[in-house]
Protein chains: 2
Amino acid sequence: MSESNVHELLVRNPLFAGLPQTALDEVLLTSKLRMIPAKTVLYHQGDTPNELIALGKGIVKVWQMRNGGAIATIHVLGPGDLVGDIAVFRHVPLPATATAITDCILLSWAAARTHELIERYPTIGANALGYVSRRSEELAQRLCEMATERVEQRIARALLRLADQIGLAAPEGVEIGYPLSRQDIAEIVGTDLYVVSRVLHDWAERGVIVTGRLRVVLCDRQRIEQIATDGK
Amino acid sequence: MSESNVHELLVRNPLFAGLPQTALDEVLLTSKLRMIPAKTVLYHQGDTPNELIALGKGIVKVWQMRNGGAIATIHVLGPGDLVGDIAVFRHVPLPATATAITDCILLSWAAARTHELIERYPTIGANALGYVSRRSEELAQRLCEMATERVEQRIARALLRLADQIGLAAPEGVEIGYPLSRQDIAEIVGTDLYVVSRVLHDWAERGVIVTGRLRVVLCDRQRIEQIATDGK
DNA sequence: CGATTGATTGATTGAATTCAACGTTCGTGG
DNA sequence: CCACGAACGTTGAATTCAATCAATCAATCG
């Protein structure tokens, strides 16, 4: 990957918005670039956070293995997102495991370097605050949904979020841009693959979505939004 | 309230840790102090955030009224916590409503002033980043619990969190330090008051807690922790 | 072409919600 | 000071939604 492309990734990252060129250069100099194949584990739950990672390309899943063996997916991250940010900012062990879903391009900075950069360039700190705040609000929103809504409704919301975040234009509508199984969806909304299978099958019959192996395409977005908000 | 007591509230707030005296003085000068009675609404969901509030004393509940009329409690905040922080930092409308549960003492800064302070004193920005990160991690944790655990388990976790945060020493054990109904607990863990009633009654019979009208005292913390983690 | 992974579908079970009724505590105003 | 209403709490029964179990089918990949 060429120097200019790396630079491209950098300026696109919300963390570095509004930075002067000199600062960007310094940020770039202290960064580490790497590419990893799908299924690579970026870090494990409990690890000490030694770097802040900015996702340049690809999809990363952040998840927890729970006591009874169940898995809960906390985040599905795409290009521009930060990985391990909370733990780096808090100086505490990583609360979850991060796995690459697709091949990824990562930019990273050592934890100590991250704090130095924030100190030297308050703009980065302000951007980080905005970014963490945005994710925090999303978590609060999902918590409320989990507390008050039925499974079908939560599946609708999950698919809408994924579509907005990493959706691709497809002939039939908007396609989720990575291989997504029933199990994956179940781990996002807090249910099991059987319920997801039944719901998707039902929607497919009614023409709301098109679905195949590891694939979901939203056709009738209106309808899905209605299910997400009304639950009907 | 005397000048020195206000100063006391300020230095205790995690947002202003590590600030030099001159900075603290400026922060103090631009702050507004007010006391509000229980049941006061600090702001409504959808309002424009015009101030950052630091809770000096009292309990504030942050909640959302959901579509079907159900209520979801997002946060129960105590002394030292920030209220409306996310919306101020993000420059977006307040995503939830904040209500004083007890009489409260508040310190606040106009939103614009808040941003100025962060800009002038990067330490405040760093503290804010740490604070928001901590809350974000707690939300992620609760999301996972909501996705994978049973109601009884979630009630146990909720009570443990409340005890740690605003618990008071009582003869029988640790008492939740504000009037807490079955309905309140239900809105925190995402269930209804009937289930909560049955669970608490069961625990009381087994001597794990003592409970009365608007009152919960944790007696056997070990046991509750076991229920929280094992679910058994 | 077998083996593996993902998806479907029916049957069963169980947890939690909902509905209904009643008991208790507390505050307030007659 | 008592009576009453309002808010809180309990409890049983019925119902529903979702989790679990089991079996089969389909697609993908070495």
Side-chain angles (χ1 to χ4, degrees), chain A residues 37-39 61 66-72 99 101 145-159 176 178-206 209-217 227 230-232, chain B residues 37-39 66-72 99 101 145-156 158-159 176 178-206 209-217 227 230-232:
Chain A
K39 292 178 189 165
K61 185 157 81 172
R66 309 284 305 167
N67 240 339
I71 288 173
T99 310
I101 299 300
E145 291 162 11
M146 199 72 92
T148 61
E149 294 174 359
R150 306 211 164 290
V151 169
E152 184 178 23
Q153 213 168 338
R154 304 204 304 266
I155 294 175
R157 292 197 188 271
L159 291 183
I176 307 301
Y178 74 96
L180 183 72
S181 71
R182 311 294 187 250
Q183 176 69 29
D184 292 331
I185 298 174
E187 288 169 7
I188 293 172
V189 303
T191 182
D192 58 54
L193 71 165
Y194 309 106
V195 175
V196 174
S197 177
R198 284 179 235 266
V199 169
L200 292 193
H201 191 255
D202 181 42
W203 290 355
E205 262 185 350
R206 293 193 279 144
I209 61 172
V210 165
T211 163
R213 191 185 169 87
L214 300 176
R215 181 165 175 272
V216 179
V217 186
I227 294 170
D230 298 8
K232 283 278 357 173
Chain B
K39 291 177 188 165
R66 310 284 305 167
N67 241 339
I71 288 172
T99 310
I101 299 299
E145 293 162 10
M146 199 74 91
T148 60
E149 294 175 358
R150 306 208 166 290
V151 169
E152 184 178 22
Q153 213 168 339
R154 304 204 305 267
I155 294 175
L159 290 182
I176 308 300
Y178 75 98
L180 183 73
S181 70
R182 311 294 188 251
Q183 176 68 29
D184 291 330
I185 297 174
E187 288 169 8
I188 293 172
V189 303
T191 182
D192 58 53
L193 72 166
Y194 308 107
V195 176
V196 175
S197 177
R198 284 180 235 265
V199 170
L200 293 193
H201 191 255
D202 180 42
W203 290 356
E205 262 183 350
R206 292 193 279 145
I209 61 172
V210 166
T211 164
R213 191 186 169 86
L214 299 175
R215 181 163 175 272
V216 179
V217 187
I227 294 171
D230 298 7
K232 284 274 359 170

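Throughout, a chain's letter reflects where its sequence line sits, starting with A, and its residues are numbered from 1.
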Residues two or more places apart in sequence or in another chain: which of them pass side chain to side chain donor-acceptor pair (under 3.5 Å) with Thr99(B)? Trp63(B)
Axis-to-axis angle across the helix from dC1(C)-dG30(D) to dG30(C)-dC1(D), five pairs an end, to 10 degrees? 30°
Output one line per pair: protein atom, nucleotide atom from nucleotides 2-5 of chain D, and distance, for all N/O pairs under 3.5 Å.
none

Who pairs with Ile227(B) by side chain to side chain contact (heavy atoms under 4.5 Å, CB included), at least two apart in sequence or on another chain? Glu152(B), Ala156(B), Trp203(B), Arg223(B)
Could you tell me how far apart Tyr194(A) (OH) and dT20(D) (P) are, to the nearest whole angstrom? 9 Å
Looking at residues at least two apart in the chain, or sitting in another chain, which of them share a side chain to side chain contact (heavy atoms under 4.5 Å, CB included) with Arg215(B)? Glu172(B), Glu175(B), Val210(B), Val217(B)
Contacts of Leu180(B) meeting side chain to side chain contact (heavy atoms under 4.5 Å, CB included) (sequence neighbours excluded), chain-then-number -> Leu159(B), Leu162(B), Ile176(B), Tyr178(B), Asp184(B), Ile185(B), Val216(B)
Counting only non-hydrogen atoms, which of residues 145-156 of chain A are less than 4.0 Å from DNA chain D? Arg150(A), Val151(A)
Which atoms of nucleotides 24-27 of chain C (N or O only) lie under 3.5 Å from a protein N or O atom, and what are those distances?
{"residue": "dT25(C)", "atom": "O2", "partner": "Arg213(B)", "partner atom": "NH1", "Å": "3.4"}

Applying side chain to side chain donor-acceptor pair (under 3.5 Å) to Arg182(B) and not counting sequence neighbours gives Thr211(B)
Among residues 196-205 of chain A, which contact DNA chain C at a heavy-atom distance under 4.0 Å? Ser197(A), Arg198(A), His201(A)
Quick one: list whatever passes side chain to side chain donor-acceptor pair (under 3.5 Å) with Arg213(B), sequence neighbours left out. none
Sorted by number, the residues of residues 178-193 of chain A with heavy-atom contact under 4.0 Å to DNA chain C: Ser181(A), Arg182(A)
